[in-house]
Amino acid sequence: MRNAEMEGETDGVDEWHNMQAAYGDVDDRPHEECGVFGIYGHEQAVALTYYGLVALQHRGQEAAGITSTDGSHMFSHKGLGLLTDVFKSGELEQLKGHAAIGHVRYSTAGSNTIQNAQPIALSTHARNFAIAHNGNLVNARWLRIQLEQEGSLFQTTADTEVIAHLIAKAGVDDLTEAVILAANRIEGGFAFLILSDDELIALRDPLGLRPMVLGKLNDAYIVASESCALETVGATLIRDIEPGELIRITSAGLTSTRFAERRQRRMCTFEHVYFARPDSDVDGWNVHSVRKRLGKLLAERHPADGDIVIGVPDSSVSAAAGYAEASRLPLEMGLIKNKYIARTFIQPSQALRDTGVRLKLNAVRSIVEGKRVVLIDDSIVRGTTSRRIVRLLRGAGATQVHVRISSPPYVSPCHYGIDTAKEDELIAAKHSIEEIRDLIEADSLEFLTVDELMAGFNFAQGDPVPFCNACFTRRYPTELVDQGLNEEIEPIRIGG
């Protein structure tokens, strides 16, 4: 639905408004698909897994689950919603054991069902096991077709079940060997945990696209998506799990195996830009420190004439602090986020959709009125939310709004575990920076370049970097198998 004040704009703006109307108030952010937590060797394994998942709740808010083992039996509970929704009636007390894995999930549209909640448990003639997965496989559909041709039946649409079937069909008795055979069939970004009656296995994809850390609490070992989960349960960070590494934990202790040949590391840059909690350390870099350096680079390379600096809460607050420090402008809390509003549902009118935005963010009039605002954000995806925030600030009395983005233009979707819009829905894939500035109604707009983003990690221009920047460059580190899938696929044999 077009706004009356927008009449007479260009065809490009018309097209953008049509897109906005079609998607309504879609949360204009990429979404991490999930977070995982596992522990072995602690009498309070279930409770610690719950608290660890609370620390990872930002990685997924639509489903959660925990599976535990006492050495001879496995116990499981999962459901839709936040952890407090899923575990609210004594379900935790029904889970027993010295080892557990847990999962929080964000789902893509149309797939938020109880069947897709994790961990996913399988029972075979050889063993019982459960699996929890963070990431996305670029050959999952290809493998699913082949597995179905071989007789496998799928209960979910999740990549995780593909991995589970590969393990079950590996044709070997040893679980670690079965996992390695399965891991060498899959391609993409993944960090997953597997729990059986008597062992916990963790592994990370050969490129290191998705994060995973190893910690210890007394005699218990812990594996999690982020180090903040270790801090929450009082554990000590040992190290990041290496790309292509498999960790096996049993009553005898921990062993490490490399299941894939060493490849050029390609960590996801967006973990630092947006996803990870600022108190986490990801692959040796503290997230807050990186974001603050990116904000300083914005101020040095892309200054704006402003009176105050405001960060879009919560992920841009660190970058805003860096910008304010480098520019010597005051950092103000000009936007307040309502933490109790998770996502705004689609409303039937533009006016109600704008009310939905104000439920999530509110501009502080006494702070921004009469001021030239430098607004720091981490990314612009579709552009709908950016425009509404600019309007929100103007409505509160800001005389100018200069937008600075602490990452490059987002031009291509992720295929490795981040749910983003399709390319034709990404505003930077279709419009120049000046056109985007006009569409979001900002007085000025600047992004970091890819080289400047890498400078935030202390890499000089031209240095080889251990990051995946495909969402900014369209240069993917793997073949996108499922994107070119044809219908004629010969069956394969797993493990044979």
Side-chain angles (χ1 to χ4, degrees), residues 33-34 36 38 40 101 103 118-122 124 126-147 150 152 154 156 158-196 199-214 221 223-225 240-250 254-268 415-417 468 476-482 492-496:
E33 297 220 354
C34 45
V36 297
Y40 190 99
I101 61 173
H103 189 270
Q118 297 183 37
I120 292 176
L122 263 72
T124 73
R127 66 182 65 86
N128 300 321
F129 68 93
I131 181 171
H133 168 227
N134 171 30
N136 190 65
L137 307 183
V138 296
N139 63 341
R141 182 168 168 244
W142 190 81
L143 289 169
R144 180 184 289 261
I145 292 172
Q146 296 168 54
L147 288 165
E150 295 178 346
S152 294
F154 287 83
T156 78
D159 291 358
T160 312
E161 192 178 7
V162 172
I163 302 168
H165 279 282
L166 291 175
I167 294 170
K169 293 173 69 70
V172 295
D173 291 334
D174 182 73
L175 180 57
T176 299
E177 186 178 350
V179 171
I180 290 174
L181 288 169
N184 280 293
R185 304 298 314 191
I186 61 180
E187 188 76 42
F190 55 87
F192 58 88
L193 301 177
I194 300 159
L195 181 71
S196 70
E199 62 188 313
L200 172 63
I201 294 173
L203 66 162
R204 186 180 182 191
D205 69 80
L207 294 172
L209 286 156
R210 301 268 62 86
M212 182 173 269
V213 295
L214 175 67
Y221 284 101
V223 181
S225 291
D240 292 278
I241 291 179
E242 289 296 311
E245 182 183 17
L246 179 147
I247 296 289
R248 179 174 182 259
I249 308 168
T250 68
L254 180 146
T255 58
S256 171
T257 303
R258 175 160 291 280
F259 71 87
E261 294 182 0
R262 293 187 182 275
R263 298 164 65 179
Q264 175 63 47
R265 187 186 292 244
R266 286 288 182 262
M267 299 172 287
C268 174
H415 296 277
Y416 303 112
C468 174
Y476 295 97
T478 71
E479 180 185 359
L480 303 179
V481 178
D482 285 348
I492 59 169
R493 298 298 166 190
I494 306 302

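All of these numbers come straight from a predicted model, not from anything done at the bench. Quick note: residue numbers are just sequence positions, from 1.
Of the candidates Asp174, Leu175, Leu122, Leu175 is the only one forming a side chain to side chain contact (heavy atoms under 4.5 Å, CB included) with Arg127.
Shown here for Arg266 and Pro477, the closest heavy-atom pair between the two residues is CG-CB, 3.9 Å. Here the closest non-hydrogen pair linking Asn134 and Ser225 is ND2-OG, 4.0 Å. In plain terms, the two heavy atoms of Leu207 and Gln264 that are nearest each other are CD2-O, 3.3 Å. Ala168 approaches Thr124 most closely through the heavy-atom pair CB-CG2, 3.8 Å. When all heavy atoms of Asn139 and Glu187 are compared, the closest pair comes out as OD1-N, 3.0 Å. Minimum heavy-atom separation, Arg265 to Glu242: NH2-OE1, 2.8 Å.
The distance from atom OG1 of Thr250 to atom OH of Tyr221, rounded to the nearest 0.5 Å, is 10.0 Å. To the nearest 0.5 Å, the span separating CG on Leu254 from CG on Leu200 amounts to 9.5 Å. Summarising the geometry, atom CD belonging to Gln146 is positioned 7.5 Å from atom CZ belonging to Arg185; distances are rounded to the nearest 0.5 Å. To the nearest 0.5 Å, atom CD1 of residue Ile120 and atom OG1 of residue Thr156 are 4.0 Å apart. Considering CG of Leu209 and CG of Asn136, their distance stands at 10.5 Å, rounded to 0.5 Å. Rounding to the nearest 0.5 Å places CD1 of Ile194 at 3.5 Å from CD1 of Ile167.
For the pair Tyr416/Leu480, a side-chain contact is recorded, criterion being any heavy-atom separation below 4.5 Å from C-beta on. Taking the side chain as every heavy atom from C-beta outward, Thr257 and Arg248 never approach each other to under 4.5 Å. Counting heavy atoms from C-beta outward, Ser256 and Glu245 have side chains that approach closer than 4.5 Å. Proximity of Ile131 to Pro119: side-chain heavy atoms (C-beta onward) are nowhere separated by under 4.5 Å. In this structure, the side chains of Val179 and Phe259 stay at 4.5 Å or more apart for every pair of heavy atoms. In this structure, Phe192 and Asp159 have side chains that are not in contact, with every pair of non-hydrogen atoms separated by 4.5 Å or more. With a 4.5 Å cut-off on side-chain heavy atoms, Met212 and Val36 count as touching. The shortest distance between side-chain heavy atoms of Val162 and Phe154 falls below 4.5 Å.
Side chain of Arg210 to main chain of Arg204: no donor-acceptor pair is present (N/O by atom type, distance under 3.5 Å, no hydrogens or angles). Between the Asp205 side chain and the Phe190 main chain, a donor and an acceptor come within less than 3.5 Å of each other.
Between Tyr476 and His415, the two ring planes are perpendicular [angle over 60°; tilted spans 30° to 60°].
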*Trace of the side-chain contact (heavy atoms from CB on, under 4.5 Å) decision for Thr255 with Thr176*: CA-CA 11 Å; Thr255 58; Thr176 299; over 6 Å; no
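No hydrogens or angles considered: a donor-acceptor pair under 3.5 Å links the side chains of Gln118 and Thr160.
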